[in-house]
Every structure is written in C-alpha cells, then in structure tokens.
Amino acid sequence: VEDVNYERVLKKVAAYVEPHFGSGQVASYIPPLAEVDPRYFGMALYTLDGQLFVTGDAHKRFSIQSISKVFALSIAFNLLGDDVWSRLDREPSGTPFNSLVQLEVEHGRPRNPFINAGALVVVDILASHFAHPELAVMQFIRRLVANESIDIDLKLARSEQELAHRNIAMAHFMKSFGNLQNPVEEVIKSYCHQCAIAMSCAELAVAASFLANRGICSTQSTRIVNAGQAKRINALMATCGTYDAAGDFAYRVGLPAKSGVGGGILVVVPGVATACVWAPGLDKAGNSLVGIMALEQFAKITGWSIY
Ligand code: GLU
C-alpha cells in the first residue's frame, strides 16, 4: 500500500466532482426515491487497519437497493457453498437488471446473483432457511457494522412492493421453471424490504470490509465467508456488479463494485480497503453518474486496481 494521505485524497475527489453535483437522473420508478435531492454527495473509505475517512454526506443514510444483493449472496454462499450455483449462473447478463427476455431463453435460470432474477433466487434460498430473510439480511449487516440502529425504510419498501409488477412477473416465470421454492408474494416482499435497508457510505464501507479481508470481518475478527468465497463474490462484483455497464466500469475504475438505484456504489480493494460513494443522480445504465466520476478519479489518485 502506498503511503498516501487518504483524508486529502477524498477531499481532492470531492473537489473534482463538485461542479457535477446534481447531474444524472434520480430513480423515479420507486416514488420515494424520486424525492431524494440529487445534489447529495458522500464518500467513505475504510482501511483494513480500521481507519475511516469520509467526505461530504458520508454519514447520511440512503436506500442501499441493489447493494443489498451482495450481503444476501454472502449469507446464501456461506450457508450452501457451491450449491448456490445449482440454481443460478455467474455470467454478466448484458441486459438490464430487470430484463425478462434472457430468462425465457435460459429456462428460468438467472445469469448471475446481482440481476433481479438472480437476487430473487438468492432471497428464495434464504427463505428456505429463515422465516424473514429481509430481517436476516438486516441483522447480518447490523452485526458487520456493530450498529443496531440500521433499519429498513418501511415506507419505501411498501411503495416498491406495490409497484413490483415486473419483479413479480419474473418470480412467477422462474417458479414455472421450478426455480423458486417459496411463494412468490413472500419472496417479493422480502426482496423489496431487503432493498429498502437504509445505510450511509461510512456504514456500507465498514460492512463490506470482510470482502477486502479474505472473508474476515475486521470489526469483529469473525469469519463471514471463507477466503475463496470472498474472492468469488469480488469477482462477481467486478463482472456483474454495475448492471450492463460492468465492462465500462472495469475500464474506468478497475475495482470490484456493486451499485444500487439509490445512487450508492460499494467498492472493494482486496487486501487494502473498502469504499462507498453516494450521489443519487444515475446515468443511463442506472449507476450513480457522479459516483462513477468520483471513483474513476479515486482509482487514478490511489493507483488501486485489480487489473
Ligand atoms: N429494488 C430495485 C428493483 O428491483 C433494485 C434495483 C437496483 O438497485 O438495481 O427494481
């Protein structure tokens, strides 16, 4: 690790993107998300020796949305090991996160755990082990951050659930192929609640540190997944974590990441640190527009890359 002043790095990154604050489009298909001020910007960096660096709105909580898929997968992977791959693949989809077309061609078997169809299968796996999978995910996160106040935004969850027609269609579709064991309504409800967990950049960076640390949670010194699983979750983030723009993200940033339509992007620097950026305006692929600009600059300054 280079000896750099991370405080200054984050300041530089924030100054670089400041002229662009408010750029992009906030997600509008979940009404409460449309109300979020697009000018927020926060970034946090958590190093494996336990230091936290922040800038801007790094302590303000936002809807983690698809970033929750990383935590849900981690629980399922730890429970089932490689058996999780009996029901889903690990290839980038090249289609939007909520696409139905590919599912039909591939007989109800999702391309990867980070597109919606795959995430629904992961929830279904959890639903066979926990009465309330969304609470299992929330408690898992609370434990990782050592913060009991992390919670689900119920208003947002209900709002998404009411408008979840496409995800419901996808779930029924997979069920028709025998790739969903629990009732569709239960899986959808858990999924929407899991997506509505609210966290800050600082909390997300801390929560994900086990992925940079060969599966060991650095705040608790406990094993969350094994080292091979941590490596593979990172590989899935690198190849499938930023919707169908994962290639461009790899080119511009070069680090494993998972984004969500709430405007957050969680990043892993294996062996070194985790980072999270939040700016609610999204680009055409659904990734935070200013967030990617910030991460591109951040990767440039630190020289961190897995490639
Ligand atoms: N709850 C969102 C959905 O399924 C998650 C989308 C996302 O963040 O990619 O539509």
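Not measured: the values here are computed from a predicted model. Order of listing sets the numbers, starting from 1, for every ligand and every atom in it.
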With a cut-off of 4.0 Å, which atoms of ligand 1 are near a heavy atom of Tyr243?
7 (C), 8 (O), 9 (O)
Ion pair present between Glu148 and Arg142, side-chain N to carboxylate O less than 4.0 angstrom?
yes
Can you find a side-chain donor-acceptor pair between Ser259 and Asn287 that sits under 3.5 Å?
yes
Report yes if Gln65 has an N/O atom closer than 3.5 Å to an N/O atom of ligand 1; otherwise report no.
yes
Counting heavy atoms only, which of Leu163, Ile67, Val261 comes nearest to atom 8 (O) of ligand 1?
Val261
Would you say the side-chain atoms of Arg87 pair up with the backbone N or O of Arg109, donor to acceptor, closer than 3.5 Å?
no
Does any non-hydrogen side-chain atom of His59 lie less than 4.5 Å from one of Glu203?
no
Distance filter under 4.0 Å to Gly260 heavy atoms, resulting ligand 1 atoms
8 (O)
Show your reasoning for whether salt bridge (Lys or Arg N to Asp or Glu O under 4.0 Å) applies to Arg111 and Glu91.
CA-CA 6 Å; Arg111 272 284 173 106; Glu91 284 297 341; 5.9 Å; no
Close-contact set for ligand 1 against Tyr29 heavy atoms, below 4.0 Å
2 (C), 3 (C), 5 (C), 6 (C), 10 (O)
At less than 4.0 angstrom from any non-hydrogen atom of Asn116, what atoms of ligand 1 do you find?
3 (C), 4 (O), 10 (O)
Ligand 1 versus Ser66: contacting region, heavy-atom distance under 4.0 Å
both
Among Gln161, His132, Glu185, Glu134, find the one that has a side-chain hydrogen bond (donor to acceptor under 3.5 Å, both in side chains) with Ser190.
Glu134
